[in-house]
Amino acid sequence: MATDVIGKTATARIYKNLIDGDWVEATTGETFENINPADTRDVVGVFQKSGKADVEAAVEAARRAFEKWRLVPAPRRAEIIYRAAQMLIERKEDYARDMTREMGKVLKETRGDVQEAIDTGFYMAGEGRRMFGATVPSELPNKFAMAVRHPVGVCAMITPWNFPMAIPSWKLFPAIVAGNCCVIKPAQDTPLSVFNFVQTLLDAGVPKGVVNIVSGFGSRIGAPLTEHPEIRAVSLTGSSDVGRIVGESCARSFKRCSLELGGKNPMIVLDDANLELALEGGLWGGFGTTGQRCTATSRIIVQKGVYHEFVGEFVERARKLKVGNGLDETVEMGPAINKAQLETDLSYIEIGKSEGAKLLCGGHRLDSGPYQYGWFLEPTVFSDVDPKMRIAQEEIFGPVVSIIPCDHLEHAIEIANGVPYGLSSAIYTRDVNRAFKAMRDLFAGITYINAPTIGAEVHLPFGGTKATGNGHREGGFGAIEFYTEWKSVYVDYSDRLQKAQIDRPE
Ligand code: UN1
């Protein structure tokens, strides 16, 4: 059971690891604090700083649980998931508030984050009665051939802080409906939302050992987790740098590995666009979640005929966005997640200035009055950005939008595709021919027409091209593909030895 300690402002609860259904302390004896980024005096909770031995215990628990869980009929597993989704509806408001406290994004968005987990739960509960395989004709008489899906085994999930419940749900729900058992390492900035989510799974009836939590730092437990021989699949959402390390480690031991990494998502605004719609979309895509989405609209590529009008109006509105503590319902943009992220944002602002882009608004840290205890930054807009500048090429993960002029559709697409990433993309136009060309030619995993680059729905594949990942997709049927192994089964009912490829009719 949790005990209480004195935090900086109040009592902060101690959260333990979940191993084999028990809440246990890390063997290291060390803990770390989960701090509210809008008010660093507020300690949201104290969490275990785990080590290798904790990972090993969690993997062993998952391995044992797998022996039974894989044999539970998928529709029964799905009923538990359905119940969990229903319970999340009841707990939505509390979990959203916890999430805003630990992560900073505004309440409207954290409610959306919990909702995304609910939606995923209902979808994956349906998969319990689907998980389609294939039956195909055999080339031999009196023989039956089919391909069925089996669980992969013990899976490791390494999840990010920007969607602290939605993304864990994208991984855990499909994994467990397919019969896998899991060890999850939540982001160190937002472990509470994973604890809340997994507590709901337990309350809904997920048996002990099926899901285990090991909290801590990637530098210490990332390698023991990804290198563990009993782990058969690793799913990571994080930076491209971490993705490269995890991908290499998985390749060495032939593990299945799903990487969802960075983005530098373009939104194209053509001369014929509904400008009002594009402005609204650009603000939401660029500054929603404080720009801290892999799908954030970090580049807006605007055709010359509407460039000046768009830039003027966009800056006007960006300047007016209300920044503050996300628990205040009138606030539109919360803080950066932590000091390091704020420093990264500020350093990119300096880079943009030195590269010669025009800083039209923002660019400063907010640190007085109501902002003094948080990691706040002004919404920042650069215009006249050259597509080759670093601020137009590298993922910043903050409220910094680069506006790039372009001549025509083909030019816009060339700029859009000219970055190392390929997650999301968007185009605003009223011309159906140009919209279809963009759908075909934008080299990204997601394209929106007349909507910004954020806002993916859970039942469609989510992921991207190039440095955004390694070809796997989360969401909907893509996730079931990742968490199942194909097995081809042949049933010969001829009562004689039949040789494929050899016994052929004359
Ligand atoms: C992410 O940016 O890391 O599409 C995930 C969206 C959300 C998920 C974003 N549904 O913006």
Side-chain angles (χ1 to χ4, degrees), residues 88 96 99 103-106 108-124 157-174 186-187 189-190 193-194 197 235-243 258-267 280-299 333-334 336-337 341 395-401 419 421-426 442 444-465 467-469 472-476 478-479:
L88 285 174
M99 195 187 295
M103 190 276 171
K105 64 184 175 183
V106 299
K108 226 181 258 158
E109 292 189 34
T110 51
R111 289 180 190 128
D113 195 307
V114 180
Q115 186 60 45
E116 203 160 331
I118 295 166
D119 296 344
T120 305
F122 286 137
Y123 179 93
M124 288 303 164
M157 284 84 180
I158 303 174
T159 55
W161 47 260
N162 64 338
F163 277 80
M165 191 172 291
I167 291 179
S169 84
W170 294 359
K171 300 182 194 300
L172 288 175
F173 276 144
D189 287 300
T190 57
S193 295
V194 168
F197 181 62
S235 179
L236 163 83
T237 300
S239 69
S240 295
D241 287 343
V242 173
S258 168
L259 303 173
E260 204 277 285
L261 311 170
K264 192 71 190 173
N265 313 289
M267 176 179 129
E280 234 185 309
L283 283 173
W284 170 229
F287 300 114
T289 326
T290 319
Q292 302 174 125
R293 294 195 192 205
C294 327
T295 51
T297 307
S298 49
R299 296 182 293 154
M333 192 180 98
I337 183 70
Q341 183 60 54
E395 183 174 54
I396 300 173
F397 228 64
V400 182
V401 172
V419 293
Y421 301 104
L423 179 52
S424 188
S425 55
L442 285 167
I446 306 170
T447 295
Y448 292 91
I449 312 299
N450 293 328
T453 58
I454 67 176
E457 300 178 28
V458 303
H459 49 301
L460 278 81
F462 182 94
T465 61
T468 293
H472 289 287
R473 292 291 184 267
E474 303 199 274

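Numbering of ligands and ligand atoms starts at 1, following listing order. Numbers here are sequence positions counted from 1.
Side-chain atoms of E260 do not come within 3.5 Å of backbone N or O of E474 as any donor-acceptor pair.
Just one residue in the list T468, L423, T453 forms a side-chain contact (heavy atoms from CB on, under 4.5 Å) with C294, and that residue is L423.
Under the side-chain hydrogen bond (donor to acceptor under 3.5 Å, both in side chains) criterion, S193 pairs with E102, not counting sequence neighbours. In this structure, Y123 has no ring pair (Phe, Tyr, Trp, His ring centres under 6.0 Å) partners at least two apart in sequence or on a different chain. With sequence neighbours left out, D113 forms a side-chain hydrogen bond (donor to acceptor under 3.5 Å, both in side chains) with K105.
Around ligand 1 you find E116, N162, F163, I167, W170, R293, C294, T295, I454, G455, A456, F462, each with a heavy-atom distance below 4.0 Å.
When only modelled atom types and interatomic distance are considered, S298 and E395 share no side-chain donor-acceptor pair under 3.5 Å.
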